[in-house]
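As structure tokens, the structure follows; a few thoughts come after it.
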Amino acid sequence: MEANAQPLQPFDDVPDTTITTPTAAIEGTKPNQPLLPPAAKSQDKWQQIAEEVSQVLADLPDKIGQVFNQYQQLIITIVLIASAIVTGRVFLAILDAINDIPLLIPIFELIGISYTTWFVFRYLLKGSTRQELVEQIQSIKNDILGT
């Protein structure tokens with residue numbers, strides 16, 4: 001080692017910093033910085049927010065009733081369309097499950113062919129039986145429509 005060399009001290013190039021206490025920061029080192037509000041005002045603010053929320057929740061049934069009354073026809077239409085879609089999907093799922101059962105499809109086909117053959121021979125071959133079928137259809141239509 002050289003005689004003129006001084007031993008290196010750790011942190012020689014770091015400027016001297018002093019640690020300030022929180023009271024020193026509050027007492028004016030930064031005069032433009034706002035102070036926190038007292039706890040009582042914060043609690044009052046939370047109470048005010050809670051009152052507003054409870055008021056909104058209290059008015060919610062009335063507001064929902066007003067919206068329903070205003071858009072009643074549209075809401076009913078949307079619910080009917082949605083229920084028709086759900087019903088259709090359930091019906092298709094049931095049919096798909098039935099189609100997966102072996103030998104059930106041919107049995108249903110035989111039942112369908114047999115009923116169609118019976119219907120043709122019973123109602124469609126003679127004019128008098130066709131007239132009877134038309135009268136039955138008209139009677140059912142009158143019962144449904146109320147005329």
Side-chain angles (χ1 to χ4, degrees), residues 1-120 122-124 130 132-147:
M1 250 200 229
E2 288 183 26
N4 292 341
Q6 294 179 354
L8 293 176
Q9 295 293 323
F11 306 113
D12 275 346
D13 55 345
V14 176
D16 184 28
T17 58
T18 57
I19 299 174
T20 58
T21 62
T23 55
I26 293 175
E27 290 175 356
T29 56
K30 295 183 181 179
N32 294 335
Q33 184 176 8
L35 299 176
L36 293 175
K41 287 184 181 179
S42 176
Q43 190 174 19
D44 290 340
K45 187 175 182 180
W46 282 110
Q47 286 177 345
Q48 181 182 4
I49 291 171
E51 289 173 4
E52 290 175 8
V53 167
S54 65
Q55 183 65 33
V56 167
L57 291 176
D59 294 341
L60 191 62
D62 294 333
K63 292 190 186 273
I64 289 174
Q66 290 173 354
V67 168
F68 181 75
N69 289 336
Q70 186 175 0
Y71 298 107
Q72 183 175 9
Q73 188 67 32
L74 178 64
I75 292 171
I76 290 173
T77 303
I78 290 172
V79 167
L80 286 176
I81 290 171
S83 63
I85 290 171
V86 169
T87 303
R89 294 193 126 210
V90 168
F91 182 71
L92 290 175
I94 291 171
L95 284 178
D96 190 40
I98 289 173
N99 282 337
D100 290 340
I101 299 173
L103 295 177
L104 201 56
I105 296 171
I107 292 171
F108 282 152
E109 287 177 355
L110 285 174
I111 292 171
I113 291 170
S114 302
Y115 182 77
T116 304
T117 305
W118 173 83
F119 185 82
V120 167
R122 169 69 175 92
Y123 289 110
L124 301 179
R130 285 193 297 266
E132 181 185 337
L133 177 64
V134 170
E135 289 172 4
Q136 285 180 352
I137 292 172
Q138 194 66 29
S139 172
I140 292 171
K141 190 165 79 171
N142 289 339
D143 288 343
I144 292 173
L145 297 177
T147 57

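Worth saying up front: this structure is predicted, and the values here are computed from it rather than measured.
Smallest separation of non-hydrogen atoms from P61 and A58: CD-O, 3.5 Å. Scanning both residues, L133 and L124, for their nearest heavy atoms gives CD2-CD2, 4.3 Å. Across all non-hydrogen atoms, the minimal contact from Y123 to Q136 is OH-OE1, 3.6 Å.
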Does the pair Q55 and D59 meet the rule for a side chain to side chain donor-acceptor pair (under 3.5 Å), with working shown? CA-CA 6 Å; Q55 183 65 33; D59 294 341; 3.2 Å; yes
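The 12-atom threshold is exceeded at CD of Q72, counting heavy atoms of other residues, nucleotides or ligands nearer than 6.0 Å. Remark: L103 CG is loosely packed, at most 12 non-hydrogen atoms of other residues, nucleotides or ligands lying under 6.0 Å away.
Annotation: side chain of I94 is in contact with side chain of V90 (closest heavy-atom distance under 4.5 Å). Within the 4.5 Å cutoff, side-chain heavy atoms of I78 are placed close to those of L74. At least one side-chain heavy atom of N142 sits under 4.5 Å from a side-chain heavy atom of Q138.
With hydrogens and angles disregarded, a donor-acceptor distance shorter than 3.5 Å links the side chain of S54 to the backbone of A50. Using a distance-only test at 3.5 Å, with no hydrogens or angles considered, no donor-acceptor pair links the side chain of D96 to the main chain of L92.
Annotation: the span from I101 atom CD1 to F108 atom CZ amounts to 8.0 Å, rounded to 0.5 Å. From I111, atom CD1 reaches atom OG1 of T116 across 11.5 Å, with rounding to the nearest 0.5 Å. Put simply, CD1 on I76 and CD on Q73 are 6.0 Å apart, with the number rounded to the nearest 0.5 Å. Put simply, CD on Q66 and NZ on K63 are 6.5 Å apart, with the number rounded to the nearest 0.5 Å.
Checked options V67, D62, L60; the residue passing with I64 is L60 (criterion: side chain to side chain contact (heavy atoms under 4.5 Å, CB included)).
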